Amino acid sequence: MKVVYNNEEKELLDGANGFDAAKALDPEKKNKALAYRLGGKLFDMREPIAEGGEISFVMGDDPDGFEMMNHSCSHLMAQALQHLYPGCLFGFGPAIEEGFYYDVDFGDKVITESDFAAIEAEMKKLSKEAIPFKRREVSQEEALEAFAANKYKVEHIKELEGTISLYEQGDFIDLCRGPHVPNTSYLKHFKLLSVAGAYWRGDSKNKQLTRIYATCWPSEEALKEHLEILEKRKANDHRKLGRELGLFMLSDYAPGMPFFLPNGMIVMNELLNYWREIHAKNGYQEIYTPTMMSRELWETSGHWDHYKENMYTTKVDEKDYAVKPMNCPGAMLAYNSSIHSYKDLPLRLAELGHVHRHEASGALNGLFRVRAFTQDDSHIICRLDQVEDEVKKVMALFDEVYNLFGLSYKIVLSTRPESNYIGEPEYWEKTEASLAKACKDSGHEYQINAGDGAFYGPKLDFKLKDSMGRTWQCGTIQLDINLPHRFGCFYINEKGEHVEPVMLHRVVFGSIERFIGILVENYGGAFPTWLAPVQCSVLPVNVSAHGEYAKEVVKVLEAAKVRVKLNDSDDKLGYRLRQSIVNKIPFTLVIGEKEKEDRSVTYRIYGQEKQVTVPLDEFVKIIRKSIDEKARY
């Protein structure tokens, strides 16, 4: 059998499996590879190679390998739980972005983090035994028989069709597609992290199971680094820092609807000023649409039929109204307020719309999951032939914004769903190709998420990565022919004919509130100077001797439009310095006798030990440069 490995054609014996292939092609990987990839599909190392093709091996530090390792470790944990808590029932146990979890019914037994040491000890014992993961394919009837004692698995099996795959490791068996690592000895570096309640299948009408979160890494060093990041995330929790820095508050009087305090409003307004500046530069026109509109509008848009349970509704003069959950329908009305020629397009309408969505109370999470937020929507109405150029321009704008905050990203292209989509397949093929080409021409790689496009068009999702390795869904570009059609939008072409335009939905920040939460955690509350609520703190060494000059320094900085705070309290200088650090103020000035005589200042930048003395007018230039250039310190 002929295969291609590292661009070279190689010969393998018929019936060879992954281990045989690794031994023949790359011996160092024989006992390290977790699986093999053939024709884009993943296979267990024990699986015979059925046909020739391009082959590669999946290692622990590959994204596929990391996911596989964590999925396998969920089975390892389940086996340990079965030994320690006989009779417990297992629900789902998937790999997630940074680890895995398993939902378990322990009956009357309550599991807490104090039980983790015993569970981990049993997992380590099983890991040392190098128990093989063995795949077996069975019929639905055989699967039902194998899991007859587990009502959760039985419910799931009844939804499956065709052959069903099971995985066995010693005395444990699980329902799973696989593939898995060769044996449990590949799973050495793991840690149980937390425990929570989770309703079976996410439905509050079902029984609440115990969800145990954990993580598994290819090396002890990688696990240690990840655990350190998790500790840093706890310290940087935006809810904690939001309270300490006076940014925002939450109240039971308005669940999921954050109150922004004076410091938080400074951050928000600076972000919005920047948003307006960059959008004006890129040819957007800002609009404002009503917060509450009539039922007829939402029926036209389709939200009344498909989204009503997430909308806040009321009656005005015996007529149904809804608070808007999104801005798109209002943008359609704004477009239709006048007649447009093909020469007017593209028309870029931008809105900072305050929207409300009725999220489940259990899902609310600080600024990350709320019921009221400001969405930085833009709707680009254009001709189909303009889509590619417009997407390139949007991506350039995204690059500029995300680079400013030091956020890297990857792009996911979601394509036509298998069913229940609108538009002809040819339209989908053309628009998907336009989005893909825009990515390539802009120098961006992308991943395909097949079948996950909206019913009205394909989309690009921008997955941001912050300073602690977490991924956030913020920016998106969605192509839409549905709403322009529903609202009867048209433009007049060069022949005088009415033609339906297409629309690009796009957001940069997504939710302003959520983006602020991301920035708080990304910066650990230490905002760059341009965003910081207080940009400079002025501390006289001796208030009576140096206080007057300190006040003069404050006036000079205020005249230069610097947000400055004088701390001339009776506390010792060391305590006041500490306050400035705790409040994460970018620049701290110390004013003593020498500074008073020389009309200078001594400054320290947050996070640095170095102190620098410069003339006052020079410091004004330094801090203004940091603000004007939106530097990252």
Side-chain angles (χ1 to χ4, degrees), residues 66-67 69-129 150 152 169 172 174 184 187-202 204 206-244 360-366 368-369 468-471 521 524:
F66 180 77
E67 180 180 355
M69 185 177 293
N70 277 275
H71 192 183
S72 299
C73 204
S74 76
H75 285 227
L76 176 67
M77 183 178 76
Q79 186 179 18
L81 293 173
Q82 181 177 274
H83 290 179
L84 296 172
Y85 308 99
C88 65
L89 302 178
F90 299 100
F92 292 122
I96 53 178
E97 186 175 359
E98 294 182 336
F100 64 91
Y101 68 78
Y102 220 124
D103 290 341
V104 189
D105 184 348
F106 288 99
D108 296 331
K109 175 70 177 176
V110 177
I111 301 297
T112 67
E113 292 186 13
S114 63
D115 298 302
F116 284 1
I119 299 170
E120 288 176 344
E122 181 65 15
M123 291 172 68
K124 288 175 182 175
K125 174 176 171 291
L126 295 170
S127 172
K128 290 177 182 178
E129 293 176 12
N150 186 333
Y152 304 108
Q169 76 221 51
F172 178 74
D174 209 349
T184 56
L187 310 170
K188 295 185 178 75
H189 314 292
F190 51 79
K191 181 70 177 173
L192 273 57
L193 300 174
S194 62
V195 63
Y199 292 110
W200 168 239
R201 297 201 146 177
S204 59
N206 293 332
K207 182 171 182 179
Q208 189 175 70
L209 308 182
T210 299
R211 176 171 292 181
I212 299 177
Y213 287 96
T215 190
C216 182
W217 291 78
S219 68
E220 188 65 33
E221 294 75 18
L223 174 63
K224 181 181 177 184
E225 182 180 339
H226 180 66
L227 296 178
E228 288 173 353
I229 287 174
L230 292 183
E231 287 303 311
K232 183 180 177 183
R233 289 178 188 173
K234 288 181 184 177
N236 286 5
D237 188 303
H238 75 285
R239 293 164 297 186
K240 169 178 170 288
L241 291 173
R243 288 191 301 271
E244 294 173 355
S361 58
L364 301 179
N365 176 15
F368 291 160
R369 194 67 176 267
M468 291 173 285
R470 287 172 304 182
T471 300
E521 298 198 1

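Small disclaimer: the values here were computed from a predicted structure and weren't measured. Computed from heavy atoms alone, side chains included, the values below leave out hydrogens, waters and symmetry copies.
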query = Heavy-atom distance under 4.5 Å between the side chains of Pro94 and Tyr101, does that happen here?
reply =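 Pro94 vs Tyr101: side chains touch.
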
query = Heavy atoms, side chains only, cut-off 4.5 Å: are Leu126 and His83 in contact?
reply =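 Heavy-atom side-chain distance check passes, below 4.5 Å.
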
request  = Classify the side-chain pair Thr471/Glu97 by whether it contains a donor and acceptor separated by less than 3.5 Å.
outcome  =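 Looking only at side-chain atoms, Glu97 and Thr471 do form a donor-acceptor pair, the distance falling under 3.5 Å.
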
Spell out, as yes or no, whether a donor-acceptor pair under 3.5 Å connects the side chain of [X] to the backbone of [Y].
X: Asn70; Y: Cys216; value: yes
X: Ser127; Y: Leu187; value: yes
X: Ser74; Y: Gly93; value: yes
X: Glu120; Y: Leu192; value: yes
X: Glu122; Y: Leu84; value: no

Working to the nearest 0.5 angstrom, can you tell me the gap between [X] [atom1] and [Y] [atom2]?
X: Glu521; Y: Arg233; atom1: CD; atom2: CZ; answer: 9.0 Å
X: Leu193; Y: Tyr213; atom1: CG; atom2: OH; answer: 10.5 Å
X: Cys73; Y: Phe190; atom1: SG; atom2: CZ; answer: 5.5 Å
X: Leu76; Y: Lys124; atom1: CG; atom2: NZ; answer: 11.5 Å
X: Ile212; Y: Met77; atom1: CD1; atom2: CE; answer: 5.0 Å
X: Gln79; Y: Asp174; atom1: CD; atom2: CG; answer: 10.5 Å

Show the nearest heavy-atom pair for residues [X] and [Y], with the distance to one decimal.
X: His189; Y: Leu223; result: C-CD2, 3.7 Å
X: Phe90; Y: Phe172; result: CE1-CE1, 3.9 Å
X: Tyr102; Y: Ala78; result: CE1-CB, 3.8 Å
X: Tyr199; Y: Asn206; result: CD2-O, 3.2 Å
X: Asp115; Y: Val110; result: OD2-O, 3.9 Å
X: Val104; Y: Cys88; result: CG1-CB, 4.0 Å

request  = Check step by step if salt bridge (Lys or Arg N to Asp or Glu O under 4.0 Å) holds for Glu129 and Lys125.
outcome  = CA-CA 7 Å; Glu129 293 176 12; Lys125 174 176 171 291; 3.2 Å; yes

inquiry  = Is it the case that atom CD in Glu225 sees more than 12 heavy atoms from other parts of the structure closer than 6.0 Å?
reply    =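 Result for CD/Glu225: open.
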
key: More than 12 heavy atoms of other groups within 6.0 Å of Lys240 NZ   =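 Buried by this count: over 12 neighbours within 6.0 Å.
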
task = Measure the acute angle between the ring planes of Phe106 and Tyr85, then classify it against the limits of 30° and 60° as parallel, tilted or perpendicular.
result =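 Phe106 and Tyr85: perpendicular rings.
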
query = Is there a side-chain contact (heavy atoms from CB on, under 4.5 Å) between Asp105 and Trp200 once you walk through the steps?
reply = CA-CA 9 Å; Asp105 184 348; Trp200 168 239; over 6 Å; no

key: Carboxylate-amine/guanidinium contact Glu221 Lys224, below 4.0 Å   =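 Salt bridge flag = no for Lys224 with Glu221.
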
